[in-house]
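Treat the numbers as computed from the prediction; the structure is a model and nothing was measured. Excluded from the calculations below are hydrogen atoms, water molecules and symmetry mates; all remaining heavy atoms, backbone and side chain alike, are included.
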There are 2 protein chains.
Amino acid sequence: MKPQRKTRIQQKNSQAILDAALEVFSRHGYRGSTLDQIANEAGLSKPNLIYYFPSKEVIHVTLLSDMLETWLAPLHSLDPAGDPIEEILGYVRQKLEMSRSRPRESRLFANEVLQGAPRIMEAIKGELRDLVDEKTAVIQSWIDEGKIAPLDPKHLLFSIWATTQHYADFDVQVSAVLGSGGNDHFPEAEAFLVDFYRRALTPA
Amino acid sequence: MKPQRKTRIQQKNSQAILDAALEVFSRHGYRGSTLDQIANEAGLSKPNLIYYFPSKEVIHVTLLSDMLETWLAPLHSLDPAGDPIEEILGYVRQKLEMSRSRPRESRLFANEVLQGAPRIMEAIKGELRDLVDEKTAVIQSWIDEGKIAPLDPKHLLFSIWATTQHYADFDVQVSAVLGSGGNDHFPEAEAFLVDFYRRALTPA
DNA sequence: GTCTATATTAAGATAGAC
DNA sequence: GTCTATCTTAATATAGAC
């Protein structure tokens, strides 16, 4: 047998570690998380965990890098040739869907930015900022053509990030305020946000 | 001299500790913060800090309790007898002003909720939820009278919390994306949010 | 009221047997 | 590849001198 880059068991364990680390880091932040918790969650011993990743920091950076592409994908897909209002509403829907399907990634990112983004500032000032510049230019052109209301495009994006990620990052507060047990609040959140943004964006 | 409840020096040191703790907890979360950091920031020795507060947890809970009243004040002041749109826009302005003047409190709260709100869930399910129920009933009555657009009142509040607190909690990302050095982005944030909510809330 | 010194626990990481 | 045992450092907290 030729040597493989990773055996099946290594693939499985690496994945289990990253999944466990996402669970722990997303709730407790970097410094609030321990290798013991991660190893426990992954069903591995602490030294075995260190066999796969050389340090706590490497696990954290791996998670952040892995998620970045996924995180930016919805904004990438904003189509300059599409219908302006529907494009933006589609972006809102996709971002909310990310909060629904990947709440841990959202909280991981929120924790990192709250703490001053020490491990991800480079990407924020690079990739993210470039993409925002590109897409806000598109939104500005829609405004100039009178196709959507004249609202500052960058602050419009901030509002979309804030309102959609809120349902992942502040989930315990949302559930506590809405009551009604373990209900899924995303359908009514989507109905609200789509209606809300359509009203705000439709030109007078 | 009669004994005082607290000498002047005790008042000063207690305050210095709480201020330092707010600085540290708001950036690193509960478990990510250390008494060393707090003592250092307060200009006191670690044992001296423990002389004033019996434990790390007590300091944290004190901060959370102290801020809660301040935090809910803007929503308390929403006046059922006022002009509906102006009342809600006033609430948006007050919440944004809180993000500007008290970003550390905002981040402290965000950290706590992100981590599942272990130390504040009681207040969220009690005081906060009761107040939200009271004020969303007011907003619903405005909707029923056709004075504002028919948008789910609770999700409307979530959106206001999310968009205004975003400028405190994600400040490093906002600054990185907007660029332009150490500029104060709050004036343009206020202009955006007021315009945005006025459009969304004005009945068709 | 404040300090130095230290007890105690837990965290990140390593050594070496199997 | 995985484990037990352990090293090292740092964290919360306490004891006791001043």
Engineer: Report yes if a side-chain nitrogen or oxygen of B:Tyr51 is closer than 4.0 Å to either non-bridging phosphate oxygen (OP1 or OP2) of D:dA13; otherwise report no.
Structural biologist: no

Engineer: Scan B:Ile9 against the nucleic acid and name what it touches under 4.0 Å (heavy atoms): base, sugar-phosphate only, or nothing.
Structural biologist: sugar-phosphate

Engineer: I'd like to check the ring pair (Phe, Tyr, Trp, His ring centres under 6.0 Å) partners of B:Trp161; sequence neighbours left out, ordered by chain and number.
Structural biologist: B:Phe158

Engineer: Going by heavy atoms in the side chains, are B:Ser106 and B:Arg102 under 4.5 Å from each other?
Structural biologist: no

Engineer: Could I get a table of every N or O pair under 3.5 Å where one atom is in the protein and the other is in nucleotides 11-18 of chain C?
Structural biologist:
unit_1: C:dA11; atom_1: OP2; unit_2: A:Asp36; atom_2: OD2; d: 3.2
unit_1: C:dG12; atom_1: OP1; unit_2: A:Ser33; atom_2: O; d: 3.2
unit_1: C:dG12; atom_1: OP1; unit_2: A:Lys56; atom_2: NZ; d: 2.9
unit_1: C:dG12; atom_1: OP2; unit_2: A:Leu35; atom_2: N; d: 2.7
unit_1: C:dG12; atom_1: N7; unit_2: A:Lys46; atom_2: NZ; d: 3.4
unit_1: C:dA13; atom_1: OP2; unit_2: A:Lys56; atom_2: N; d: 3.2

Engineer: Between the main-chain N or O of A:Glu23 and the side-chain N or O of A:Ser26, is there a donor-acceptor pair closer than 3.5 Å?
Structural biologist: yes

Engineer: I'd like to know if the side chain of A:Glu190 reaches the main chain of A:Arg93, judged simply by a donor and an acceptor atom lying under 3.5 Å from each other, with no hydrogens or angles considered.
Structural biologist: no

Engineer: Rounded off to whole Å, could you give me the CG-to-C1' distance for the B:Asn13 and C:dT2 pair?
Structural biologist: 10 Å

Engineer: In whole Å, I'd like the distance from the CZ atom of B:Phe53 to the P atom of D:dA13.
Structural biologist: 13 Å

Engineer: Calculate the interatomic distance between B:Asn48 atom CG and C:dC3 atom P; express it in whole Å.
Structural biologist: 5 Å

Engineer: For B:Lys46, what residues pass the salt bridge (charged side-chain N to carboxylate O under 4.0 Å, His left out) criterion, not counting sequence neighbours?
Structural biologist: B:Asp36

Engineer: With respect to the phosphate group of C:dT2, does any side-chain polar atom (N or O) of B:Ser45 fall under 4.0 Å of OP1 or OP2?
Structural biologist: no

Engineer: Look at the rings of A:Tyr30 and A:Phe25 and say which category their plane angle falls in: under 30° parallel, 30 to 60° tilted, over 60° perpendicular.
Structural biologist: parallel

